Amino acid sequence: MRWSEAFIPTLRDDPADAEAASHRLLVRAGFIRQLMAGVYSMLPLGFRVRGKVMQIIREEIEAIGGQEFLLPELHPREIWERTGRLEGMKDILFTLEDSRGGDLVLGPTHEEIFTTIAGELTSYRQLPQLWYQIQTKFRDEPRPKAGLLRVREFTMKDSYSFDIDAEGLDRQFDAHFDAYTRIFRRLGLPAIPVVASSGAMGGSGSVEFMVASEAGEDDVAHCESCGYAANVERATARPPAVDDGEGAAAPERFPTPGVRTIADLETFPGGAEAARQIKTLVYIVDGEPTVVLLRGDDALMEQKLQDVTGAVEVRPATGSEIVELLGASPGSLGAVGLRDVRILADEALRGRRNMTTGANIDDHHLRGVDVERDIAVSEWVDVRTVRPGEPCPSCGAPLEVFRAIEAGHIFRLGTTYSEPLGATVLDAEGKTVPVMMGSYGIGVERNMAAVVEVHHDDRGIVWPVSVAPYEAVVTIVKVSDTDSWETGKRIYEELLALGVDAIVDDRVERPGVKFNDAELIGFPYRITVGPRGLADGVVEVTERRSGTSEEVVVAAAAARVADQIAAATARP
RNA sequence: CGGGCUGUAGCGCAGUUUGGCAGCGCACCUGCUUUGGGAGCAGGGGGUCGCCGGUUCGAAUCCGGCCAGCCCGACCA
């Protein structure tokens with residue numbers, strides 16, 4: 001490509017509304033432009049990177065036996081009703097009506113459609129199957145953010161496996177785990193696999209691939225000592241044992257006028273430190289009022305609550321719902337003596353005595369509460385949010401918690417979709433059984449952005465060779481110098497002949513502009529051709545990552561860069 | 001959905017307090033000079049001041065409503 005003929009609109013100033021590095025740099029370097037909240041146009045440079053990311057993903061999924069499909073983005077609403085996800089995903093579904101009044105949705109994911117096709121599978125002899133596509137998804141995210149990191153229209157590689165039994169599913173799951181590991185390595189992303197919540201996808205176990213970054217939206221609890229890693233939506237910790245002493249013979253009520261919060265009660269005379277209080281929350285779990293008890297200094301993880309209850313919808317109860325259920329207002333709530341209501345207590349409260357909690361009478365609390373003796377706990381659950389420094393559940397070393405980007409997510413679905421949609425086969429005994437499914441997703445543009453988050457410096461993007469929009473740029477410092485012009489064009493042609501994806505900067509611009517643009521965009525290699533070097537028969541080869549340059553004789557320059565690129569993209 | 005902030009040229013911004021010719025820098029066009037790290041001089045083009053309504057002789061500026069975007073939270077494969 002000749003730069004002088006290309007549309008590469010770099011900006012001299014940072015865009016004002018871009019906070020995340022990837023957002024700022026991808027806009028400024030001319031890769032993307034925003035159309036509206038969470039919707040971006042790919043400009044030519046962005047399109048090239050996206051294509052390379054997709055190609056890497058495609059190669060690795062083909063390598064584990066994937067067959068490529070392309071499914072529609074318009075879906076009949078009815079199929080979403082059948083799996084219950086019209087309700088379960090209603091907040092992010094784009095819905096529309098066709099001219100005949102038919103109800104449609106824009107596909108946010110494709111379990112329903114792939115499973116419908118899988119209905120044509122009739123025999124276990126046809127299994128396993130591994131199907132995938134790379135295609136647009138639409139999700140009406142309530143808050144798109146950070147450029148390409150969270151958008152409403154994006155490209156996803158989604159694959160779906162179909163097996164006769166759990167062992168087959170495990171094999172496909174493991175194959176994807178390995179393929180994803182290779183994909184992220186080739187993208188230059190240090191992704192770590194973590195235990196995750198399956199959320200609205202359903203199924204029995206899922207793994208997210210996380211890239212540590214402040215621009216991310218998830219928190220990961222990680223143990224350096226044993227390698228335990230889990231999304232905080234799932235992470236657990238081994239809380240240290242607490243000695244509560246003898247314990248009172250019975251709870252004692254005392255007046256606490258004006259006390260509304262855990263913190264209030266900590267400082268109230270005769271109160272208690274947060275770790276010796278019971279926090280009483282009221283949630284509506286699929287319509288059923290549920291009391292949730294936590295230690296006073298713990299925070300509820302709503303996703304855990306949703307997971308342990310298997311609920312579709314979990315929300316905090318409103319003030320009036322609470323008063324109707326418990327007869328007291330938030331600030332004085334407690335579960336002592338409560339009956340006929342589901343009470344979930346966090347494991348951190350098990351065996352605790354001498355605790356303080358609301359008396360369920362406004363402006364009164366109880367002290368001397370023995371949780372197991374005084375409260376009719378329906379279920380003991382783990383719903384607390386893990387905090388940094390708490391002991392790792394498997395080895396006891398302190399956990400670290402860091403922010404991360406979810407780069408990929410793989411799910412063991414089981415029969416969550418095959419049963420309601422009737423994707424069954426006959427097994428070896430001639431019995432009709434639903435197929436065992438897995439689904440596996442990678443967001444293409446999000447991974448582009450993650451690469452930029454990880455690979456940039458104060459001058460701009462530093463693309464790994466594998467996904468760079470062009471692998472090398474030939475910068476002709478002075479286009480009016482005939483020798484520079486012809487040498488530069490010749491080296492460019494030589495690069496193309498050697499299979500290097502190259503662009504030649506033949507613009508009538510000053511050298512500083514060209515150097516700055518090349519570094520902002522982040523081409524891995526630059527060959528600088530100018531009168532100064534040509535006087536000695538050399539050009540300069542500069543590596544973007546290290547910033548180091550070497551002088552190379554003109555005739556050897558293209559081969560030199562081609563060799564370095566080959567070395568950088570070599571795969572074990 | 002709640003809170004905060006912002007909408008003025010392609011990008012970055014001033015002007016709004018106190019109503020009175022719509023400005024600055026970069027980018028862009030023409031010419032000359034310049035050419036190894038975002039050049040200089042001269043000339044020039046580009047605007048529904050987010051939208052609608054109101055007040056006023058007169059509105060980017062004041063008032064009302066709406067829309068959009070960003071950040072935090074809620075929510076979210």
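What you see is a predicted model, and the numbers here were worked out from it, not measured in a lab. Naming convention: chains lettered A, B, ... in sequence-line order (proteins, then strands); numbering from 1 in each chain.
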Would you mind checking if A:Glu550 and A:Arg560 are paired as a salt bridge, meaning a charged N to carboxylate O distance below 4.0 Å?
-> yes
Classify the side chain of A:Arg143 versus the base of B:rG2 as yes if they form a donor-acceptor pair under 3.5 Å and no if they do not.
-> no
Tabulated below should be each protein N or O lying under 3.5 Å from an N or O of nucleotides 27-33 of chain B; please produce it.
residue : atom : partner : partner atom : Å
B:rA27  : OP1  : A:Arg12 : NH2          : 3.3

Side-chain N or O of A:Arg510 closer than 4.0 Å to phosphate OP1/OP2 of B:rG38 = no
So which nucleotide from B:rA39, B:rG37, B:rG38 ends up closest to the side chain of A:Asp517?
-> B:rG38
Taking atom P in both B:rU6 and B:rU16, compute the distance separating them and give it to the nearest angstrom.
-> 14 Å
Quick one: which of B:rG37, B:rG38, B:rU35 gets closest to the side chain of A:Arg526?
-> B:rG37
Quantified in whole Å, what is the C1' atom distance between nucleotide B:rG44 and nucleotide B:rU35?
-> 25 Å
Carboxylate-amine/guanidinium proximity below 4.0 Å for A:Asp158 and A:Lys137 = yes
Describe the nucleic acid contact of A:Pro9 in one word from base, sugar-phosphate, nothing, applying a heavy-atom distance below 4.0 Å.
-> nothing
Starting at atom CD of A:Gln303, determine the distance to atom P of B:rC75, rounded to an integer number of angstrom.
-> 9 Å
Report yes or no: is the cationic atom of A:Arg85 (NZ for Lys, CZ for Arg) under 6.0 Å from the centre of the six-membered ring of A:Trp80, at an angle within 45° of the ring normal?
-> no
Each nucleotide N or O in nucleotides 67-70 of chain B that has a protein N or O under 3.5 Å away: list the pair and distance.
residue : atom : partner : partner atom : Å
B:rG69  : OP1  : A:Ala37 : N            : 2.8
B:rC70  : OP1  : A:Gln34 : NE2          : 2.9

B:rU8 to B:rG46 separation - C1' atoms, rounded to the nearest Å = 14 Å
Examine A:Phe162 together with A:Phe114 and report whether their ring centres are nearer than 6.0 Å.
-> no
Using a 4.0 Å heavy-atom cut-off across all strands, classify A:Tyr440 as base, sugar-phosphate, or nothing.
-> nothing
Quote, to the nearest angstrom, the P distance that separates B:rC21 from B:rG3.
-> 38 Å
Less than 4.0 Å between a side-chain N and a carboxylate O, is that true for A:Arg2 and A:Glu5?
-> yes
Please report, rounded to the nearest Å, how far the C1' atom of B:rG12 is from the CG atom of A:Leu11.
-> 10 Å
When the C1' atoms of B:rA60 and B:rC24 are considered, how many whole Å apart are they?
-> 16 Å
For a ring-ring contact (aromatic ring centres under 6.0 Å, His included) with A:Phe31, tell me which candidate from A:Trp463, A:Tyr40, A:Phe47 qualifies.
-> A:Trp463
Choose from B:rC75, B:rC11, B:rA39 the nucleotide whose nearest atom is closest to any side-chain atom of A:Asp13.
-> B:rC11
Would you kindly check whether a donor in the side chain of A:Arg28 faces an acceptor in the base of B:rG38, or vice versa, at under 3.5 angstrom?
-> yes
Do any pairs count as a salt bridge (Lys or Arg N to Asp or Glu O under 4.0 Å) and have a residue in residues 518-531 of chain A, sequence neighbours left out, and if so which ones?
-> A:Arg459-A:Glu519, A:Glu519-A:Arg526
Are the charged groups of A:Arg387 and A:Asp298 less than 4.0 angstrom apart, N to O?
-> yes
